[in-house]
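Working notes, structure below.
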Amino acid sequence: MTLWFVFALMTVAAIFAVLLPLGRSGRAQNQGSEVAVYKDQLAEIERDLAAGLIAAPEAEAARVEISRRLLAAAGSEPVSEPTSSLKWRRAAAVLALAGLPLIAIGVYMPLGSPRLQDFPLAQRERGAGSGMALENLVVQVEQHLDKNPTDGRGWNVLAPVLVRLGRFDDAVRAYRNSLTYNGESSERRADLGEAIAAAAGGVVTAEAKTEFERARGLNADDPKANYFLGLAAEQDGRKDDAANIWRALLAKAPADAPWRPLVQTSLARVGGGGATMPALSDETIAASKDMNEGDRNAMVRGMVERLATRLKQNGDDVEGWLRLVRAYLVMGDRDRAMGASTDARQAVANDAARLRQLNEGLKTLGLDG
């Protein structure tokens with residue numbers, strides 16, 4: 001507001017500086033001209049002659065000399081332009097002083113936004129340009145592929161971008177072309193199945209299932225194919241089959257596999273590890289198989305509480321936070337899961353890398369809010 005007030009004062013001062021002369025009369029300039037002086041002298045000679053203070057010959061000589069000077073002065077002065085009425089000039093000055101701000105406000109109000117916060121130019125260009133840049137890139141690649149439809153590498157690049165843009169039907173076509181011109185691979189078959197399922201709103205259709213089975217036929221350990229085949233079993237109501245598929249997938253998965261939390265959450269959803277058994281570790285699950293339900297629940301809850309206590313003392317363990325949140329979700333305590341996710345974000349807020357890892361893990365657990 002202070003800056004706008006200063007701008008307003010500067011505008012008013014500039015307007016006054018330009019318009020103030022319009023309000024002045026030109027009388028003072030006329031009073032000091034040579035022509036006016038010589039006219040006064042001629043009038044004074046006539047008064048002196050009438051009063052008998054000067055003789056007629058002297059008066060005539062003086063009159064001739066002053067008239068000569070008057071003519072010379074009149075010829076040397078610039079021709080004055082006709083002056084406008086003082087009243088109209090002042091009216092114009094007042095109208096400009098009041099009208100310019102009103103016109104400016106009238107133009108700004110429908111176009112401007114006085115409450116809009118500052119938006120840095122770099123961020124503006126980045127926000128406006130990133131989406132457009134991706135769209136332009138896709139258009140260029142599509143134009144290239146229209147002219148070179150057998151370019152397998154181009155289809156391979158285009159397909160995942162189309163998935164990202166939500167153009168699933170186009171992505172299916174791109175993956176099919178990638179398979180045609182690049183050859184068979186479990187990854188391409190699994191990607192095609194995923195695109196078909198995405199186009200069906202997340203439902204693993206018979207067509208998508210066929211692609212996942214082909215992918216698993218090429219690579220029995222393909223994680224994407226096995227995950228979606230488990231999802232297909234779950235959607236068909238065969239939860240035990242889904243749990244078996246996902247258990248086998250987790251048993252072979254590396255400890256740092258980025259998709260591991262998603263599979264563990266899915267397994268917990270179908271009750272594959274016991275409805276109250278959070279996926280803390282494979283060792284814990286193995287140790288609890290021979291316990292009765294009550295002992296197993298007590299052991300798991302005790303481990304969850306110990307994990308929560310440890311994380312309060314050392315909050316840098318992102319994997320520990322994700323295990324804790326997952327445990328609460330499996331136990332059906334979503335409020336504590338949300339609280340743990342909030343505590344985790346606060347604990348790693350000063351470490352960008354850990355915070356990014358945490359947010360990605362929470363997103364797989366359905367807590368990306």
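We're numbering straight along the sequence, starting at 1.
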Can you measure from [atom1] ([X]) to [atom2] ([Y]) and round to the nearest 0.5 angstrom?
| X | Y | atom1 | atom2 | answer |
| --- | --- | --- | --- | --- |
| N226 | L249 | CG | CG | 5.5 Å |
| R214 | D222 | CZ | CG | 14.5 Å |
| L231 | K209 | CG | NZ | 11.5 Å |
| N244 | D240 | CG | CG | 6.5 Å |
| L267 | L262 | CG | CG | 11.0 Å |
| R167 | D169 | CZ | CG | 10.0 Å |

If you look at every heavy atom in [X] and [Y], which pair is closest and at what distance?
| X | Y | value |
| --- | --- | --- |
| N156 | S178 | OD1-OG, 3.0 Å |
| A159 | A171 | O-CB, 3.9 Å |
| V325 | S341 | CG2-N, 3.9 Å |
| A215 | A225 | CB-CB, 3.8 Å |
| A347 | G315 | CB-O, 3.5 Å |
| G152 | Y181 | CA-CB, 3.7 Å |

Counterpart residues, salt bridge (Lys or Arg N to Asp or Glu O under 4.0 Å), relative to [X] (two or more places apart):
| X | value |
| --- | --- |
| E187 | none |
| R310 | D317 |
| D351 | R354 |
| K252 | D221 |

Worksheet item: Around D146, counting heavy atoms of other residues, nucleotides and ligands shown, do more than 12 lie under 6.0 Å from its CG?
Response: yes
Worksheet item: Can you tell me if NZ on K239 sees more than 12 non-hydrogen neighbours from other groups inside 6.0 Å?
Response: no
Listed by chain and number, what are the side chain to side chain contact (heavy atoms under 4.5 Å, CB included) partners of [X], not counting sequence neighbours?
| X | value |
| --- | --- |
| I45 | A59, A62, I66 |
| Q143 | V139 |
| A198 | F168 |
| D151 | H144, L145, N148, R153 |

Discussion item. The test is side chain to side chain contact (heavy atoms under 4.5 Å, CB included); show your working for V348 and Q357 and say whether it passes.
Written reply: CA-CA 10 Å; V348 300; Q357 180 186 359; over 6 Å; no
Side-chain contact, heavy-atom cut-off 4.5 Å: [X] with [Y]?
| X | Y | value |
| --- | --- | --- |
| V163 | E194 | no |
| S185 | L218 | no |
| V172 | E207 | no |
| R176 | L179 | no |

Worksheet item: Would you call R216-E213 a salt bridge at under 4.0 Å N-O?
Response: no
Worksheet item: Is the closest basic N to carboxylate O distance between R173 and E142 below 4.0 Å?
Response: no
Item to complete: Determine which pairs satisfy ring-ring contact (aromatic ring centres under 6.0 Å, His included) with at least one residue from residues 187-219, sequence neighbours left out, and list them in order.
Response: F212-F228
Worksheet entry | Residue pairs passing the ring-ring contact (aromatic ring centres under 6.0 Å, His included) test where at least one lies in residues 233-254, sequence neighbours excluded | Y227-W246
Hydrophobic cluster membership, with links at side-chain heavy-atom distances under 4.5 Å among I/L/V/M/F/W/Y: are [X] and [Y] in one?
| X | Y | value |
| --- | --- | --- |
| V161 | Y175 | no |
| L137 | V157 | no |
| V141 | L162 | yes |

Do side-chain atoms of [X] reach the backbone of [Y] as a donor and acceptor pair under 3.5 angstrom?
| X | Y | value |
| --- | --- | --- |
| R189 | E184 | no |
| W321 | A340 | no |
| T210 | A206 | yes |
| W155 | T150 | no |
| Q264 | R323 | no |

Worksheet item: Taking the hydrophobic residues Ile, Leu, Val, Met, Phe, Trp and Tyr, and joining any pair whose side-chain heavy atoms are under 4.5 Å apart, which ones share a cluster with V203?
Response: none
Discussion item. List the residues meeting side-chain hydrogen bond (donor to acceptor under 3.5 Å, both in side chains) with D241, not counting sequence neighbours, and say none if there are none.
Written reply: R238
Worksheet item: Given E234, which of L229, V270, V204, I245 fulfils the side-chain contact (heavy atoms from CB on, under 4.5 Å) condition?
Response: V270
